[in-house]
Amino acid sequence: MDLQFIKGIGPKKKKLLEQMGLYSTEDMLRHYPRRYEDRTRRFALSELEDGQVATLAVWVVNVTEQRPRSGLHILKAGIRDGSGVGVATWFNQPYLKVKLAAGTGWLLTGKARRQFGRLEIAVQDMEPFSEEGQEEDAGRILAVYPAAAGLQQKLFRQVVAWVLDNLPPLEEYHPPMVLEKYGLPARMEAVEEVHRPRSWEALDKARERLVFDEFFFLQLSLAVMRKRDFREAGISHVHQGTLTDSWVGSLPFELTGAQKRVIGEIRADMAEPYAMARLVQGDVGSGKTAAAAWALLLAVENGRQGAMMAPTEILARQHAETLAGWFEPLGLKVGFFSGGLGQKESRLLREALAAGEIHVAVGTHALIQEKMVYRDLGLVIIDEQHRFGVRQRALLQEKGRHPDMLIMSATPIPRTLALTLYGDLDVSILDEMPPGRQPVETICILEKAREKLDFLLRRELDRGNQAFVVCPLIEESEVMDLQNAEEVCRRLEGKLKPYRVGLLHGRMPGDEKEKVMEAFSRGEIGALVSTTVVEVGVNVPSATVMVVENSERFGLAQLHQLRGRVGRGDVQAYCILVTNTNEPYALQRLKLMTETNDGFRLAEEDLLLRGPGEMFGARQHGLPEFRLAELPKDLKLMERAREAAFRLAEEDPELEKPEHSGLKRVIGEKMAEMVNG
Ligand code: ADP
Ligand code: MG
């Protein structure tokens with residue numbers, strides 16, 4: 001229902017609400033409070049303890065302003081209530097001064113500090129206070145909503161109350177059995193309690209139910225998607241050995257135990273007459289490409305084509321070269337597709353692909369362009385999946401008729417997050433490194449000890465080795481980041497003469513990037529300074545040093561990935577984390593890097609410390625947004641929701657039973673959202 005019909009909402013308020021994405025009464029119910037105020041009892045100034053967060057009713061006595069230094073403004077108000085006096089403080093909100101006239105009454109929520117007999121309250125939230133309003137809210141736990149300027153808390157409370165009191169109750173979509181089994185309150189009760197909690201216990205229960213639902217629908221859509229893939233006739237790729245076995249025999253190395261196991265899992269999956277959906281996870285250097293190559297050959301020996309998509313041109317090209325080196329001796333043709341190709345070249349390649357003359361297509365997003373036509377696509381492989389969204393995954397699959405799908409990820413994904421991101425996939429893990437690799441030695445050095453780094457770099461270059469130097473995004477602007485990288489580059493040029501120092505940055509055109517990369521691969525460039533992480537996803541065996549500037553700005557998972565770029569040869573490699581931070585927390589994270597090489601351990605740690613959104617950096621795709629749920633805090637609920645969802649999909653995959661009709665409707669909407677989002 002439209003919000004304008006509700007008392008208290010005129011055209012102006014309506015517009016402000018719409019700007020917050022709130023259009024309907026349903027939106028209002030889903031606009032959950034960001035915190036609560038405890039009005040179940042009233043706190044008095046005299047009883048506040050140091051460190052306590054509380055809501056108080058006070059009167060302003062006087063107001064003063066301070067500017068201890070530029071950029072810092074402090075507003076201080078002398079306050080009193082019946083029990084005593086204190087000082088309330090606001091930081092950098094000078095405009096509040098006019099409101100805080102002597103004699104006005106306020107409900108302040110803030111954190112108390114007692115020092116030398118003085119009580120100071122750092123205010124987090126404030127509301128005008130009148131005896132009347134106070135009576136109304138006394139004794140309650142009061143919801144505080146995220147609100148834009150011009151919208152009062154009172155409005156949110158009123159509107160939500162009106163909706164709760166006047167509209168028909170929300171439908172329950174879980175069968176009673178499920179609610180009972182997981183000890184969850186009914187939907188309407190949960191929504192009511194989350195907005196107007198009767199007690200802290202009831203609020204906890206309500207939140208649990210709503211978080212459960214957020215997870216449940218995500219998991220159910222994953223379960224249903226997976227079921228659908230299963231039932232739709234896929235392709236059965238049966239092991240012939242004509243190509244796969246000859247290739248394995250031609251390799252200069254023996255496959256690791258883990259590679260053999262994973263290939264076995266892929267083989268079993270691809271033989272089934274439904275579409276494979278499998279994730280291969282393995283640390284950088286664990287040999288995922290070989291597993292992928294085997295799968296591609298299996299598709300080709302069954303008369304089909306394979307496609308492999310990578311997020312960057314450099315990575316894609318490297319894959320194309322590796323695969324061509326392996327496959328061409330077997331008489332196969334590998335085509336490389338990228339946005340950078342000339343028109344004629346790209347047309348000829350596409351014709352060859354459509355005619356089936358190209359057996360394996362490797363490339364970037366170019367592979368999913370509309371004009372790309374495959375003769376008979378049997379297998380799609382996606383590298384570094386977390387850079388692609390669900391939608392791109394689907395687009396590549398649509399190029400064939402239910403092709404098998406293999407996803408490769410070098411970012412160890414904690415189990416928690418894997419359930420969220422990849423709940424619809426089977427998982428294979430490459431947990432063994434090819435033999436003969438020495439672990440990379442990781443050292444954290446402070447800016448001021450930089451000479452140590454220069455010394456190490458020169459020593460390595462003198463030995464004929466090479467170095468990566470990665471600079472993070474520091475400024476918001478690309479220009480500034482580039483300046484930073486250029487400065488690092490110039491400095492190194494001075495220090496490392498006569499060795500050449502190269503620069504690779506996000507703004508360079510593709511062919512220029514490639515020239516630099518090639519010069520680096522050939523060893524003409526000794527140290528390569530780069531602004532972006534992605535571009536270094538390449539294999540240069542004589543690179544033995546990975547320097548990360550301002551390393552405290554990276555996530556642990558990212559640092560671990562960068563570290564994996566070196567140590568591919570058989571000599572000792574180093575990862576040098578440069579920092580000038582003195583924040584104990586950041587230093588602790590960097591120290592962990594020096595202590596462990598276990599990517600999964602680091603990923604778990606990262607998730608705990610920084611939360612899922614940050615794990616892959618800012619441009620993460622495909623991670624669902626939750627309104628209430630928080631990981632890893634709500635892991636238990638996630639597991640329960642997953643169990644419930646997968647059981648349901650097993651029991652009633654089409655959701656045809658009458659007791660599942662409500663769920664069926666909701667899931668339809670959610671899935672549409674996921675695929676389009
Ligand atoms: P990932 O993609 O998992 O980071 P790659 O597939 O690029 O790793 O493999 C890294 C390097 O290890 C490549 O040079 C590859 O040829 C080599 N390699 C792969 N498997 C083995 C093996 N079983 N024994 C020795 N070397 C291997
Ligand atoms: Mg790889």
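When a ligand or atom number is given, it counts from 1 through the structure's own listing order. Model, not experiment: these values are computed from the prediction.
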**Asked** Do any N/O atoms on G285 end up under 3.5 angstrom from N/O atoms on ligand 1?
**Response** yes
**Side-chain donor-acceptor contact under 3.5 Å, S428 with R278** = yes
**Prompt:** Relative to ligand 1, is T289 under 4.0 angstrom through side chain, backbone, both or neither, heavy atoms considered?
**Reply:** both
**Prompt:** Which atoms of ligand 1 are found less than 4.0 Å from any heavy atom of L255?
**Reply:** 23 (N)
**Message:** Looking only at distances, can you tell me whether any N or O atom of P435, backbone or side chain, sits closer than 3.5 Å to an N or O atom of ligand 1?
**Reply:** no
**Message:** For T579, run the side-chain hydrogen bond (donor to acceptor under 3.5 Å, both in side chains) check against E552, R553, E549, E447 and tell me which one passes.
**Reply:** E552
**Message:** For Q438, is there any backbone N or O sitting under 3.5 Å from a side-chain donor or acceptor partner on Q572?
**Reply:** no
**Message:** Check E487 with R491, please: is the shortest side-chain N to carboxylate O separation under 4.0 Å?
**Reply:** no
**Request:** Taking only heavy atoms of S286 into account, list the atoms of ligand 1 that are under 4.0 Å away from them.
**Result:** 3 (O), 8 (O)
**Request:** In plain terms, say whether E514 and R317 are close enough for a salt bridge, that is, a side-chain N and a carboxylate O under 4.0 Å apart.
**Result:** yes
**Message:** Below 4.0 Å from ligand 1: does a non-hydrogen atom of D283 turn up there or not?
**Reply:** yes
**Message:** Can you name the atoms of ligand 1, numbered from 1 with element, that are less than 4.0 Å from a heavy atom of T256?
**Reply:** 23 (N)
**Message:** Heavy-atom count check: over 12 atoms from other residues, nucleotides or ligands less than 6.0 Å from R601 CZ?
**Reply:** no
**Interfacing atoms of ligand 1 (cut-off 4.0 Å, heavy-atom, E254)** = 22 (C), 23 (N), 24 (N)
